[in-house]
Protein chains: 2
Amino acid sequence: MSLRNAILALLRIGPMSGYDLQKQFSQSVGHVWHAPDSQIYPELRKMADQGLLTAEEQARGASGMRKVYHVTEAGEREFLEWMNAPLKYQRTRDAAHLRAAYLEAADPEAIEEFLNGHIRHWQVELETVEEEICKIDTLTSPMLNRRLEVTEDEDREATIAFKRYSYEGLAARARGEIRWAREGLALIRQLGIADGVEDADPQ
Amino acid sequence: MSLRNAILALLRIGPMSGYDLQKQFSQSVGHVWHAPDSQIYPELRKMADQGLLTAEEQARGASGMRKVYHVTEAGEREFLEWMNAPLKYQRTRDAAHLRAAYLEAADPEAIEEFLNGHIRHWQVELETVEEEICKIDTLTSPMLNRRLEVTEDEDREATIAFKRYSYEGLAARARGEIRWAREGLALIRQLGIADGVEDADPQ
DNA sequence: CCTCCCATGTAAACTGTTACATGATTTT
DNA sequence: AAAATCATGTAACAGTTTACATGGGAGG
């Protein structure tokens with residue numbers, strides 16, 4: 001049900017087409033909520049049918065078309081209701097920690113590759129999140145700036161602070177995962193599993 | 001696809017019925033991979049159909065029945081293949097961080113309740129994970145002990161270490177989330193949003 | 001006798017992934 | 001003229017949740 005709320009959150013910043021939304025979901029917002037285009041377009045239509053959005057049809061060139069979606073009052077209500085309601089936590093489904101618990105069954109090289117892969121994965125995540133934070137701090141984030149344009153002066157500080165706060169949380173998580181994987185590398189060395197041997201025996 | 005691997009990981013410890021598995025998925029393993037009974041029973045049957053498991057039917061009382069599942073060689077192969085293959089990371093879908101990014105839209109009490117709820121949620125998680133770690137350290141974890149019974153002496157250290165390592169990662173994550181939510185509480189106080197006012201003005 | 005635990009499922013709805021499919025417009 | 005980007009979707013499948021449904025056995 002949160003794809004809907006993510007869409008509402010974005011459209012509240014300003015009207016957008018499905019394509020614009022899609023880009024957001026594969027960039028900035030994608031860090032907290034991912035959605036592919038095949039999910040976005042049908043959801044937009046459903047939300048419009050339910051009166052949460054209205055579609056403003058725009059011509060594009062000779063025969064091109066573009067639907068720009070606006071949040072209706074009902075949509076605004078639905079979003080605020082969600083924001084003020086207790087959050088439902090999904091049950092964890094964490095393949096990395098599942099695998100980690102049974103790592104003794106894997107080959108030594110696979111163990112090391114798994115841990116290095118974990119580090120790589122979260123390092124990419126960390127870098128992009130840190131870039132977003134930088135954009136927030138330097139006020140060069142397009143979406144945030146667009147939002148700030150229609151925000152009362154006294155609410156700007158909070159708007160910026162919460163966005164930064166959210167991304168700082170993501171960065172902290174990424175750092176935690178990297179730390180954990182590094183501890184894993186230390187552990188396999190300690191257990192004598194690592195093939196650090198190959199370096200220690202040249203010739 | 002990891003429900004299947006979680007089931008294989010558990011059944012490799014020892015044969016179990018769907019009911020036994022279900023209990024594991026709502027207790028210990030549930031911390032890394034949750035699955036309801038309605039997902040487990042059909043999956044077991046599918047896996048048996050595909051030759052990854054065999055069902056040993058046991059009578060229970062007069063007409064009661066119980067199917068105990070065993071991992072076949074094909075099942076063992078499938079599990080090891082997964083363990084040695086690169087891990088696929090799911091895209092993040094994180095309602096808490098999504099909400100955090102737009103928290104200025106929520107009522108002050110709702111913001112505080114959201115952050116306190118986050119702390120409560122992860123504190124419960126942390127406590128249960130720490131209990132699991134304690135059981136691992138004192139060798140009072142039933143599943144781990146069952147596994148150790150059929151483990152070669154030289155592999156026991158690693159088996160224990162990896163299980164502990166996995167749970168330590170979960171604990172670290174929980175601590176991180178709690179820390180983040182506490183920072184959030186500090187932030188709203190700093191922004192003057194918190195209704196800590198009610199305490200500061202008694203009468 | 002009642003309640004809790006053992007034991008196994010089905011059905012419907014919802015959510016998400018992967019692959020396919022098409023065509024216009026803008027930039028190089 | 002080709003490539004990138006804009007723009008909108010469909011179809012099939014895989015995974016997950018929620019609710020429903022049933023009945024036996026063990027212990028107080």
Side-chain angles (χ1 to χ4, degrees), chain A residues 1-7 15-27 29-30 32-50 53 55-69 82 87-95 98 142, chain B residues 1-8 15-27 29-30 32-50 52-53 55-69 78 82 87-95 98:
Chain A
M1 241 327 74
S2 275
L3 168 59
R4 172 161 303 209
N5 295 303
I7 288 173
M16 267 182 279
S17 68
Y19 183 77
D20 294 330
L21 279 165
Q22 195 215 108
K23 268 192 306 179
Q24 294 305 319
F25 277 109
S26 62
Q27 290 169 27
V29 209
V32 283
W33 202 273
H34 166 79
D37 48 350
S38 63
Q39 220 187 338
I40 293 168
Y41 289 111
E43 185 66 25
L44 283 171
R45 189 180 282 187
K46 220 166 45 173
M47 289 168 77
D49 288 347
Q50 291 171 16
L53 306 177
E56 174 200 345
E57 305 214 355
Q58 292 184 344
R60 208 180 82 95
S63 62
M65 272 278 270
R66 187 180 137 91
K67 280 186 224 161
V68 176
Y69 289 92
W82 177 72
L87 188 66
K88 274 193 195 167
Y89 287 85
Q90 303 149 249
R91 253 70 75 93
T92 56
R93 247 175 220 105
D94 186 329
L98 171 63
Chain B
M1 242 328 74
S2 274
L3 169 59
R4 174 163 299 210
N5 295 304
I7 288 173
L8 287 171
M16 267 182 278
S17 69
Y19 183 77
D20 294 328
L21 279 166
Q22 195 214 111
K23 269 193 305 179
Q24 294 305 318
F25 276 108
S26 62
Q27 289 170 26
V29 207
V32 284
W33 202 273
H34 167 78
D37 47 351
S38 63
Q39 220 187 338
I40 293 168
Y41 289 112
E43 186 66 26
L44 283 172
R45 190 180 283 187
K46 221 168 39 172
M47 289 168 76
D49 287 348
Q50 291 171 16
L52 304 175
L53 305 177
E56 173 200 346
E57 306 214 357
Q58 292 182 346
R60 210 180 80 95
S63 63
M65 272 280 266
R66 187 180 138 91
K67 279 186 224 162
V68 176
Y69 289 92
E78 174 128 336
W82 178 72
L87 189 67
K88 275 193 195 168
Y89 287 85
Q90 306 150 242
R91 253 71 75 94
T92 58
R93 250 175 217 106
D94 186 327
L98 171 63

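Computed from a predicted structure; not experimentally measured. Sequence lines set the chain letters: A, B, ... in the order given, protein chains first and strands last, and positions in each chain run from 1.
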Q: Minimum heavy-atom separation for B/Ser2 to A/Leu98, with atom names?
A: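 The answer is O-CD2, 4.0 Å.
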Q: Using atom OH of B/Tyr41 as one end and atom C1' of D/dA21 as the other, report the distance to the nearest whole Å.
A: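 Computing the B/Tyr41:OH to D/dA21:C1' distance gives 14 Å.
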Q: Give the minimum heavy-atom separation between A/Tyr69 and A/Ala48, together with the two atoms involved.
A: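 Result for this residue pair: CE2-CB, 4.3 Å.
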Q: How many angstroms lie between CD in A/Gln22 and CD1 in A/Ile40, if you round to the nearest 0.5 Å?
A: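 Taking CD in A/Gln22 and CD1 in A/Ile40, the distance rounds to 5.5 Å.
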Q: Rounded to whole Å, how long is the line connecting atom CG of B/Asp49 with atom P of C/dG9?
A: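 About 12 Å, once rounded to whole Å.
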Q: Could you check how far CD1 of B/Ile7 sits from C1' of D/dT16, rounded to whole Å?
A: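 The answer, rounded to whole Å, is 14 Å.
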Q: Rounded at 0.5 Å granularity, tell me how far CD in B/Gln58 sits from CE in B/Met65.
A: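 So the gap between those two atoms works out to 10.0 Å.
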Q: Can you tell me the distance, in whole Å, between the CZ atom of B/Phe25 and the C1' atom of C/dA7?
A: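 That distance rounds to 17 Å.
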Q: With heavy-atom distances below 4.5 Å as the criterion, would you say the side chains of B/Leu52 and B/Arg4 are in contact?
A: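 Yes, at least one pair of side-chain atoms sits under 4.5 Å.
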Q: Measure the distance from CG on A/Leu44 to P on D/dA7 and round it to the nearest whole Å.
A: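 Atom-to-atom, A/Leu44 to D/dA7, this comes out as 14 Å.
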Q: Heavy-atom distance under 4.5 Å between the side chains of B/His34 and A/Gln90, does that happen here?
A: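 Of all side-chain heavy-atom pairs linking A/Gln90 with B/His34, none is under 4.5 Å.
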Q: Look at A/Arg66 and C/dG23 and indicate whether a side-chain polar atom (N or O) is within less than 4.0 Å of OP1 or OP2.
A: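 No, A/Arg66 has no side-chain N/O under 4.0 Å of OP1/OP2 on C/dG23.
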Q: Side chains of B/Gln24 and B/Met16: does their closest heavy-atom pair fall under 4.5 Å?
A: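 Touching, per the 4.5 Å side-chain cut-off.
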Q: Starting from P on D/dA7, measure out to CD1 on A/Ile40 and report it in whole angstrom.
A: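 Distance check: A/Ile40 CD1 to D/dA7 P gives 14 Å.
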Q: Does D/dG9 have OP1 or OP2 under 4.0 Å away from a side-chain N or O of A/Arg45?
A: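 Yes, such a contact exists.
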Q: Identify the pairs formed between an N or O of the protein and an N or O of nucleotides 24-28 of chain C at a distance under 3.5 Å, and give each distance.
A:
residue, atom, partner, partner atom, Å
C/dT25, OP1, A/Ala62, N, 2.5
C/dT25, O4', A/Arg60, NH2, 3.3

Q: In Å, rounded to the nearest 0.5 Å, how long is the span from CG of B/Leu44 to NZ of B/Lys46?
A: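 It comes to 11.0 Å.
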Q: Do B/Gln50 and B/Glu78 make a side-chain contact, defined as non-hydrogen atoms from C-beta onward lying under 4.5 Å apart?
A: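 Counting from C-beta outward, B/Gln50 and B/Glu78 never come under 4.5 Å.
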Q: Are any side-chain N or O atoms of B/Ser17 and backbone N or O atoms of B/Asp20, one a donor and one an acceptor, separated by less than 3.5 Å?
A: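 Side chain of B/Ser17 to backbone of B/Asp20: a pair is present.
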Q: How many whole angstroms separate atom CD of A/Glu57 from atom P of D/dT8?
A: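 Value for this atom pair: 10 Å.
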Q: Can you give one letter per nucleotide of nucleotides 15-22 of chain C, 5' to 3': B if a protein heavy atom sits under 4.0 Å from the base, S if only from the sugar-phosphate, - if neither?
A: SBBBB---
Q: Find the bend of the helix from C/dC1-D/dG28 to C/dT28-D/dA1 as the angle between its two terminal axes (five pairs each), to the nearest 10°.
A: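 Both end axes considered, the difference amounts to 30°.
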Q: Could you point out which residue of A/Met47, A/Arg45, A/Glu43 forms a side chain to side chain contact (heavy atoms under 4.5 Å, CB included) with A/Leu53?
A: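 Result for side chain to side chain contact (heavy atoms under 4.5 Å, CB included) with A/Leu53: A/Met47.
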Q: Select one nucleotide: of D/dA7, D/dG9, C/dC5, the one nearest the side-chain heavy atoms of B/Tyr19.
A: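 Out of D/dA7, D/dG9, C/dC5, the nucleotide with an atom closest to B/Tyr19's side chain is C/dC5.
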Q: Of the non-hydrogen atoms in A/Phe25 and A/Leu3, which two are nearest, and what is the gap between them?
A: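 Of all heavy-atom pairs spanning A/Phe25 and A/Leu3, the closest is CZ-CD1, 4.1 Å.
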Q: What is the distance, rounded to the nearest whole Å, between atom CG of A/Asp94 and atom P of D/dG15?
A: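 So the CG-P distance, A/Asp94 to D/dG15, works out to 17 Å.
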Q: Give a yes/no on whether any side-chain N or O of B/Lys67 is located under 4.0 angstrom from OP1 or OP2 of C/dG9.
A: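 So the side chain of B/Lys67 is within the cut-off, an N or O lying under 4.0 Å from OP1 or OP2 of C/dG9.
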